Structures are given as structure tokens and as C-alpha cells.
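A note on names: the letters A, B, ... follow the listed sequences, proteins ahead of strands, and every chain is numbered from 1. Note that this is a predicted model, so its numbers are computed, not measured.
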Amino acid sequence: MIERTIEIADPIGMHARPAGQIVKLAKESGVKILIGRDQGGMIEAKSPIMLLGKKFKTGEQLIFQVEAEATQANQILDEISEYLGN
Amino acid sequence: MDLKGIGIGEIAGEGEVFKVSTTFSPTEKNWEESADKELSKLKPAIEKVASDMEQLAQKESDGEIFEALSMLVSDEALFDSAVEKIQEGLDAGSAFNRATVEMTEVLKDDPDFAERANDMLDLAKRVWAQTEGVELSLEIPEGKSLILVAEDFAPADTARFNSSVKGVITKNGGPTSHVAILCRSKSIPAVVGVSEVDKLRPGEKVLVDPAGDRVVIGGAMADATVTMSYIPEHELPIIPVYGNVGNQGDASAATSSGASGVGLFRTEFAFLNQENRPSVEDQAESYTNVLNSSPEGEFIARTLDAGSDKPLPFLGIEAEENPALGVRGFRINDADPEFMNEQLEALKIAEQRSGKKVSVMAPMVARFSEAKQFAELAQSHGFERVGIMVETPSIIFQLKHLAGVIDFVSIGTNDLSQYLFAADRLHPKLGTLLDVWQPGLLEAIKETVRQAHRAGLKVGVCGEAGSDPLLAIVLAGLGVDSVSASPSQVESVLNALRCVDADQAKKIAESAFSQNRATYAREAAKAAFLRR
């Protein structure tokens, strides 16, 4: 499992499109992706609406955990970072 | 029988009533046969709606929204929750709708996400309609003569209008609603704000008669209100007519329409669908293309008029309760001063590349200090002619201080009406307040002309008012120095302004000013024109 903290740079926070993209990425790669503000509140990226419901805002530092080997996990994390406006 | 409304355009259209139901309001109910049967309906319904959204994503310029919607409607957690509700007894559509309502509840109190929650509820309705076999997406048959009738049309619907559409009737909406603007630009006859649309039956013959502000059930072209015919009597119009331009296509249309320049170049187009801030070079290239296709003569570029109602991701404008009253137009400059510098630099480069003289003006200027700030900025970039839009009532009373500071003003009648009458431009029920013939608006224009001329400033009108041929005569009679119309209207405005001399225009304006209602003002101007 690889963990990385990513800041939301997108000026309107984690809106529908990036939320959808992250879920799609998890689904298509078959890899489990967990997201949260802190270790205690990690949720699995399975539902864009549930991600929206977390109201992640611009400038927040989010923890991402990807259950894959390093190369693939880092690739996935790079993509997520891009979805979030970085 | 006649139904009253607000006419958009001059020419009438006839055809068969084609009712479009954009509202679908079913009531929640339980299934009768079996949960399995409902389950088998749900998945295909969701898939159909998701694929409709994907199709729109490919087709429309703001496709990203539709792509996101397609992802939301396919949400697995939402599906699972709907399945549970079906097992508890609800039918497929009701279950999906209830699940959506519950899941989006948490989003509703947050301004950043509230709009997505509304979109989701709309999608849930679409899925519901699918499960009941009701067609909600607008499919217009080809090769017919149809008059579309609906409560209102969303931008996604108007994108589907084809050549079968000979006219449009809506229950809601005013002269500046989405559908009105689209119909005007495509020259589709329309009557909006028709409260009695329910009296129209599908398939019956109907005449859309915008010149008469009415719909005639059973009517034909022969019944159309005789439009004012403007047969030019003079070589030149009494004041110049320019075109309003938003992109290169408009610029070419303005050129072929006979416009003697561009009175309003909306620079927004260079920024639409841009995730990142376009470079000076990218901007300069888009502007040069527009300049090269534009008619010779005047060219007035308006700096970016964006706000939280038309947000640009790279400007970092936050969502607001009242976007029309928020950080928009020139106010963006406070949030991001570099942005306007870059835009002016790009416009200057485009001026040099095209060899056409460019004047610049700023939108949403409310105070003397803002006008002065903009003028200094534009002059530092080497622009000789600088102006501001008159949209906020406050600036009318400051024009006297602007002598020698700026060169001209351009009245944006759509926004001026909105702020003068405190009536949202897009509000479906306030259309009549925004009628360009409202005496209150005409007086505001008159006062603007008086104050501006005293300060030695030229006055143009670039709002919807400048596209109405009869009103253009009234404006000329008030002393307005030029009008700018949408390219499709330039020719009729030109013809109207070639029918009268200065004295006649003045008399026509005076008769309109003797009236205290919009409809009377229009009638009085018409009568004065006919007996001139």
C-alpha cells in the first residue's frame, strides 16, 4: 500500500468531475483507493456522490492510500493529483 | 383565438403544435408485480440516461458538465441504495428518485455543491421517466413544420433545434431568456411568456406572430401582424450601425450584414472551456482572427465580463448568493489585476497584427474611480480611445466627472434594465419588467445621453435595445451616437435608420416619451413613424 498527501488545487474543490474520475480510475484499474482527511476517516473511492458528500475543499490536504505495488500506485496517485488541479 | 405573450423577432411562423414536456412530475408509488421486474427496469434506464449525457458531452461546448453527470448517475452506492428501496416495495423510478434525494440532501446546504444536487435530482427524474417509458429528451422529427411549445427550454434542449422548428412558444421566460436570445440569433420566430400555453393542443395549426406579441390558434401566415416595413429613403442611416460580435463567425456575419464596425466585441469566448489561463499569445491569436474577419471601421473590445454566474476556473472567483450583484466585470480586476493587463496587452498585439484600430471598454463600472483606473490602465497600454459600459445606474450620475477621462460610453440595456428594475435577467416570470420599451429604461437612456454629451462623451447602445429597428430610431432621436445590434438584426436596423431624418427621429422619440407604459410607448412610436 502506498500513501501520499495531495492538496486540492482546483478552485472549486473536489467537484463532480474529479470525483467521478477517481472512482472511474479505481474501477478500471481494479485497485482499491482510499481517501480521507485523516487516518481515522478513510473511505473507499467507490461512489462519486459519497466523495462529493465529504465536501473536500480547495487547499485541503487529503490522504490517499492506494493498494497496489509502488509503480502502479504512484502512477495512479500522479493521475489523481492531476484531476485535483495540480 | 389569440394568446398573448412577448414577441421575439419580426417575421411570423406557422406550423403544427409540438408539445415538449420538460417537466415530469410523477408521484412515488409501490410496485405491483415483483421486485425483480423493477430491478430489471432500473439498470437499462440508468444506462440510457448516462449514455444520453455522454452524447451531449461529445456534442456540446461545455461537455465536461455532461461527462460529470454521466458519472454521477452511474454511481454504485446510489444504485445499491435504490435496489434496497425496491426490495422494500417502491417501484424502480420512485426508488431511484428517493435514493437520489437522500444522498444529495447533505450537498444542498453547501453553495459549492448545491447546483450538482439539483442536477442529480433532474437526472433522477430522467431515470424515472425512462422506467415509465416517457421520453424526456427532446427529439424533434426532421422534415416537418413544427411550433415547439414548452414551459421553458434548457440550453441542452435548444441545442437540438433543427430545421423543422418554424416557431417557439414558451410559458415562462422574457426577452433576455436563453431561448429568446437563441431564437433571435437563429431567426426563429418566438413568443415567450405565454401564460395560456395549456390551451394549445398537439398537432393543431398555430401561428406564432411575434410582431403582434401573440399566438393565433388556427392562424396562418396571412393573419400575421403586418410588420413595419422600412423602405430606405436615404443613402445613409442617421447614425452608424455596428455589430455585436462574440467570435470569428459573428465577425464575418457582421461584415456581410453591412455593419460599419463592431460596437461590442465580447472577449469571453477566448476563455470559455479553458481550464488554465490562456497566455497573452493565445489571446492575441484569437483576437487577431476576429479582427481580421470584422468589418472595416469602429472596433470596440469589451474586457472580460465574467463572474460567479459564468465562472472561469483560473480566476478563482468563489460561488456567490447573488452572482449578478457580485464580483463580475471590472470588479475582477481587484481580485486579479494581472489578468486585465494581459488582456489589454493581447488586444494591443492583435491591433498591430490586424492593422485595425481597437478601442477598449470595461464592463460593470459603478464608480468614477473605477472608470479612471481603467482609463489609465488602457492608456498605459497605448489605447487612444477608451470607454466604459453603462450598466449600473450609479455610473449615470457620475458621467459629469468623466470629461477628459474617457472618450465614450456604451449602454448595455440588458444589464441596465436588470439593475434599474431589480429584476433578474433570467427570471422566468419577470420578462415584462425587462421590456426595452419600459419608460423607466428610456428615461435612464435619455439621462445618460444628456450627462455624457455634457461631458463630451460619445454614446453608443449595444444591448438588446439596439437590435429593435423602431427603438433604434427612438434612440437616434434621443441623441444616441451609434447603435450596435446582433448581426442578424443589422440589416433591419440599418433600413429603419435610413427611413428618417434627424427631425423625424426626434419627433418619434418625443411621442414615445409622452407615454407611461411599455406597450403604449411602442404603439406611440409606431404611429408617429407611420404619419411622419
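The side-chain heavy atoms of B/Met120 and A/Ile49, taken from C-beta on, include a pair separated by under 4.5 Å. Residues B/Met103 and A/Leu52 have side chains not in contact (no heavy-atom distance under 4.5 Å, counting atoms from C-beta outward).
Residues B/Leu107 and A/Lys55 come closest through the heavy atom pair CA-CE, 4.3 Å. Annotation for B/Met71 and A/Gln21: closest pair SD-N, 3.7 Å, computed over non-hydrogen atoms. Looking at every heavy atom in both residues, B/Glu76 comes nearest to A/Lys27 through OE2-CE, 3.2 Å.
Within 6.0 Å of CD on A/Gln61 lie more than 12 heavy atoms contributed by other residues, nucleotides or ligands. The 12-atom threshold is not exceeded at NZ of B/Lys108, counting heavy atoms of other residues, nucleotides or ligands nearer than 6.0 Å. Under a cut-off of 6.0 angstrom, the local environment of CD in A/Glu82 is sparse, with at most 12 non-hydrogen atoms contributed by other residues, nucleotides or ligands. Atom NZ of B/Lys43 sits in a sparse spot, with 12 or fewer heavy atoms from other residues, nucleotides or ligands closer than 6.0 Å.
With chain A as partner, the option from B/Thr100, B/Leu72, B/Asp75 having the largest number of non-hydrogen pairs under 4.5 angstrom is B/Asp75. Listed options A/Ser47, A/Ala19, A/Pro18 were ranked by heavy-atom pairs under 4.5 angstrom with chain B; first place goes to A/Ser47.
Going from atom OG of B/Ser70 over to atom NZ of A/Lys24 covers 7.5 Å, rounded to the nearest 0.5 Å.
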